[in-house]
There are 2 protein chains.
Amino acid sequence: METDVTQTSQQQRPKNFIECRRVAVPVIEVLSRIGSKWTVYVIMALVTGPMRFSELKRHIEGISQKMLTATLRDLEEDGFITRKVTPTIPPRVDYELTEMGQELKGPLASIGEWAARNSGRVAEARERYATAEAERRAQAW
Amino acid sequence: METDVTQTSQQQRPKNFIECRRVAVPVIEVLSRIGSKWTVYVIMALVTGPMRFSELKRHIEGISQKMLTATLRDLEEDGFITRKVTPTIPPRVDYELTEMGQELKGPLASIGEWAARNSGRVAEARERYATAEAERRAQAW
DNA sequence: CGGAATCCTTCACGATACTG
DNA sequence: CAGTATCGTGAAGGATTCCG
């Protein structure tokens with residue numbers, strides 16, 4: 001509990017106006033990396049073990065080769081995965097989660113649990129919003 | 001622990017090829033919403049209590065009025081925040097986290113802790129990657 | 001097989017101006 | 001004060017083609 005992002009007490013709100021940004025920046029950097037659609041698929045695929053490029057492409061249905069390459073590059077650059085080339089013919093490239101990559105499981109699972117619990121509520125909220133929106137529109141006439 | 005996203009055991013890998021997608025979709029939906037830069041700032045700002053539009057704009061330095069509006073709309077649509085209009089002159093609009101919005105604190109804190117622990121490692125990895133990249137480039141000549 | 005390079009479309013986002 | 005409307009730009013991302 002050394003880095004509590006979520007203070008609620010009132011009197012330190014002014015402090016938060018400065019603190020929040022400092023705390024938020026790394027969170028946002030992480031989120032903007034793992035928050036991309038394909039990144040999550042790649043990580044989840046590799047959680048079960050190393051995989052080749054073509055395996056990943058087949059596994060992650062719908063991804064273009066360009067995006068897979070880019071996603072893997074980014075993940076490698078940040079140290080989430082390793083890239084091992086076996087210079088045979090044809091060549092073979094295996095991707096594997098690093099230990100740091102494995103540690104992402106925790107946060108991802110945390111989000112997954114939240115999503116599993118609340119996806120229904122989100123859907124309800126959207127319906128309510130759409131209905132209210134439609135009524136508001138009808139009112140205008 | 002009812003929804004473990006991160007199985008590691010080997011023999012159920014084939015099952016994961018199907019399961020992963022089902023599990024991943026809600027995670028990705030949540031991430032693509034809260035993964036946006038401004039969304040995190042807005043949520044973190046509102047964690048300390050309700051706030052007016054102009055307060056949020058002043059607090060979240062660098063956000064354009066357009067993005068703030070759009071972000072607030074999206075969060076409202078999904079049921080993360082409520083919008084309360086007081087039709088005075090000039091008008092007053094307060095935004096507040098719903099209970100569901102408050103519950104996001106957990107996952108966000110989880111990511112925040114991970115980021116705090118690993119931001120240094122990511123920086124190192126990037127440097128290593130840049131160095132290796134430069135060497136690779138030099139090799140080409 | 002595992003990419004890189006190119007083209008092209010879409011869209012997120014910022015800047016600006018106007019409104020109830 | 002709290003927005004909406006419009007325009008312009010850059011980046012994201014798909015489709016396609018070529019390469020070691």
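In what follows, every chain begins at residue 1, and chains take the letters A, B, ... in the order their sequences are listed.
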B:Y95: ring pair (Phe, Tyr, Trp, His ring centres under 6.0 Å) partners, not counting sequence neighbours: none
Considering residues at least two apart in sequence or located in another chain, which fulfil the side chain to side chain donor-acceptor pair (under 3.5 Å) criterion with [X]?
X      : value
B:D94  : B:R92
A:Y41  : none
B:T39  : B:S36
A:E103 : B:R121

In whole angstroms, how far is the [atom2] atom of [N] from the [atom1] atom of [X]?
X     : N      : atom1 : atom2 : answer
B:D94 : D:dC1  : CG    : P     : 13 Å
A:L68 : D:dA15 : CG    : C1'   : 16 Å
B:R52 : D:dC1  : CZ    : P     : 7 Å
A:I60 : D:dG14 : CD1   : P     : 12 Å

Residue mapping more 5' on DNA chain D - nearest nucleotide basis, B:Y95 or A:I63: B:Y95
5′-ward residue of the pair A:W38/B:V93 relative to DNA chain D: B:V93
Worked verdict on B:H59 versus B:M51 for side chain to side chain contact (heavy atoms under 4.5 Å, CB included): CA-CA 10 Å; B:H59 180 193; B:M51 223 180 270; 4.0 Å; yes
Partner residues of B:A115 under the side chain to side chain contact (heavy atoms under 4.5 Å, CB included) criterion, sequence neighbours left out: A:P26, A:V30
same_hphob_cluster(B:V85, B:L46) at 4.5 Å side-chain heavy-atom cutoff: yes
Any pair counted as salt bridge (charged side-chain N to carboxylate O under 4.0 Å, His left out), so long as it reaches residues 36-53 of chain A, sequence neighbours left out: none
With sequence neighbours excluded, residues passing salt bridge (Lys or Arg N to Asp or Glu O under 4.0 Å) with B:R126: A:D78
Interface with DNA chain C, restricted to residues 75-85 of chain A and to heavy atoms under 4.0 Å: A:R83
Upstream residue (5' side of DNA chain C) when A:P91 and A:T69 are each assigned their closest nucleotide: A:P91
Which residue lies more 5' along DNA chain C, comparing B:K37 with A:R73 via nearest heavy atoms: A:R73
I'd like a table of atom pairs between the protein and nucleotides 16-18 of chain D - only N or O on both sides, under 3.5 Å - with the distance next to each one.
from   : atom 1 : to    : atom 2 : distance (Å)
D:dT16 : O4     : A:Q65 : NE2    : 3.3

5' to 3' contact window, DNA chain C with chain A (heavy-atom distance under 4.0 Å): C:dC1 to C:dC7
Under 3.5 Å, side-chain donor or acceptor atoms of residues 67-74 of chain B against the rest of the protein: list the pairs with distances, not counting sequence neighbours.
from  : atom 1 : to    : atom 2 : distance (Å)
B:T69 : OG1    : B:Q65 : O      : 2.8
B:T71 : OG1    : B:M67 : O      : 2.6

